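Only heavy atoms go into these numbers, but all of them, side chains included; no hydrogens, no water, no symmetry mates. This chain uses plain numbering: 1 for the first residue, then up along the sequence. Being a predicted model, the structure only gives us computed values, none of them experimental.
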Amino acid sequence: MKCFVAPLQGFTDDLFRRAYADIFGTPDRFFTPFIRVERGQLRVRDVRGVTSELNQGLNVVPQIIFRDTDEFDMLISRLKETGADHIDINMACPFPPQVHKGRGAGMLLRPEFLETLKGRLSELEDIKFSVKMRLGVDDSADYRHIMGIINDMQLEHVTIHPRIASQQYAGETDMNEFSRFLDSCRHPVIYNGDITEPSQIDSIAGRYPGIAGVMAGRGLIARPSLFAEWNEGAEWDEEKRATQLLKLHDALMSGALERLSGDRQILAHLQPYWEYFGRNFERRQVKALLKARTVEKYIQALGNLR
C-alpha cells in the first residue's frame, strides 16, 4: 500500500521534504502545497519549490488549484517547462475565498467545467494527472453528481478526504459515504483524513481492502515517524519519537537560517510547526518557544526540550 505525504501550505515545502526523507525515509510520493496563478502569473516561490535541488531523489508531485481553463493552461505550460510529468488537481481546498471562486472544493459544484477539464486532460497525453477531492461543499453527497465525470477522466488515482468543505478540518469524517465513494470510483483510491497513529493505517486497510494507499498531512507533522513506524511494523517509544522529531526540527532550522534573513522571518517559518510538534512535549516548554521573539531566545527555549 502506498504512503503519500499530503500538501500543507507553509509546512511541506522543499526544506521539509528533504529533511523528512533524510531522517524518516522516503515516502512513495510528496505532494507540493498547491500552486496557483496570482496577478496573472505563477508565484515565483511555488515554481522554486518544484525545481528545488532539494527534491533530488524524491518523487515530488506538484499540485495545482485553478478557476478556469486560462489558469489551468498557464499552470500546465509552466510546469511542463520544469519537467513535471505528473500533476495533481486540487478539488479539496475548503477555504471559503477559494471555494466561492470555484476553486478547490468549489469545483465539485461545477459539472460543466469538469466536463471541459476532462477533455483538456485527454489532450495532454505526456502528463499523468491525479485528483485530490472532498465529498462535497455543504453536502457529503455532492460528489455523486460528478462521479461519472471523475470516472471518465484519465487519472492515476483519486485521493478523497471524507469531509465536506464547510467542515474544513473539524468534525467527524463520513466513513459511510467514503465506502460508497470507494465502491463507485473506477480509479485507484487514496484515503486521506485524521491518520495520526500507525495502527490506523492497518485499520483503514483492513476495513477497506480496495484502497490503493493513504495520505497523511497534519497527523504526519505531529508524528513524523508515522509511516516509518508503520513500515517497520512496530511503534516507537515516546523518547525515540521525540528525539527523531527534534532532528527534523534541527534540519528545518538549519535550512531556515541559511535561506531566510532576520529573526522575524526565521521564527515565522519555524514557530507554526509547534502547533503539531508541540503535542509531543510539555505545554510550558512549547509555550516558551512560541513566545520567543529572537532566534537566540528560541534556541534557548529549544534547549529545555532535550
After noting the C-alpha distance and the side-chain angles of R120 and D73, does the key distance pass the salt bridge (charged side-chain N to carboxylate O under 4.0 Å, His left out) rule? CA-CA 9 Å; R120 278 284 206 278; D73 291 342; 3.0 Å; yes
Would you tell me whether D174 and S140 have side-chain atoms, one donor and one acceptor, within less than 3.5 Å of each other? yes
Between Y298 and H249, does the ring centre distance come in under 6.0 Å? yes
So is R134 actually on top of Y169's ring, under 6.0 Å and inside 45° of the axis? yes
Do N304 and Q285 pair up side chain to side chain, a donor and an acceptor below 3.5 Å, judged on atom types alone? no
To the nearest 0.5 Å, atom CG of L42 lies from atom CD of E71 at 9.5 Å
Using 0.5 Å steps for rounding, measure from the CZ atom of F66 to the CZ atom of R36. 14.5 Å
ring-ring contact (aromatic ring centres under 6.0 Å, His included), paired with F11, selected from F16, F277, Y276: Y276
Got a second to check how far N192's CG is from I160's CD1, nearest 0.5 Å? 9.0 Å
Heavy-atom count check: over 12 atoms from other residues, nucleotides or ligands less than 6.0 Å from K118 NZ? yes
May I ask you to decide if A141's main-chain N or O and E177's side chain share a donor-acceptor pair within less than 3.5 Å? no
State whether R45 and E38 are salt-bridged, where the test is any N-O pair (Lys NZ or Arg NE/NH1/NH2 against Asp/Glu carboxylate O) under 4.0 Å. no
Gap separating the OG1 atom of T116 from the CZ atom of R110, nearest 0.5 angstrom: 9.0 Å
Working to the nearest 0.5 Å, report the span between CG of D194 and CD of E172. 8.0 Å
Crowding at CD, E258 (>12 non-hydrogen neighbours, <6.0 Å): no
Is it the case that over 12 heavy atoms from other parts of the model lie below 6.0 angstrom from the CD atom of E53? no
Taking ring pair (Phe, Tyr, Trp, His ring centres under 6.0 Å) as the definition, give me every residue that meets it alongside Y191, ordered by chain and number, with sequence neighbours left out. F178
If you count the non-hydrogen atoms of other residues, nucleotides and ligands that lie under 6.0 Å from CZ in R264, is the total more than 12? no
Backbone of N151 reached by a side-chain donor or acceptor of R186 within 3.5 Å: no
Restricting to non-hydrogen atoms, name the atom on C3 and the atom on P27 that form the minimum distance, rounded to 0.1 Å. O-CB, 3.6 Å
Could you go through the salt bridge (charged side-chain N to carboxylate O under 4.0 Å, His left out) check for D139 and R144 one step at a time? CA-CA 10 Å; D139 187 334; R144 298 182 194 176; over 6 Å; no
One should read off an interatomic distance between E112 CD and I146 CD1, to the nearest 0.5 angstrom, of 13.5 Å
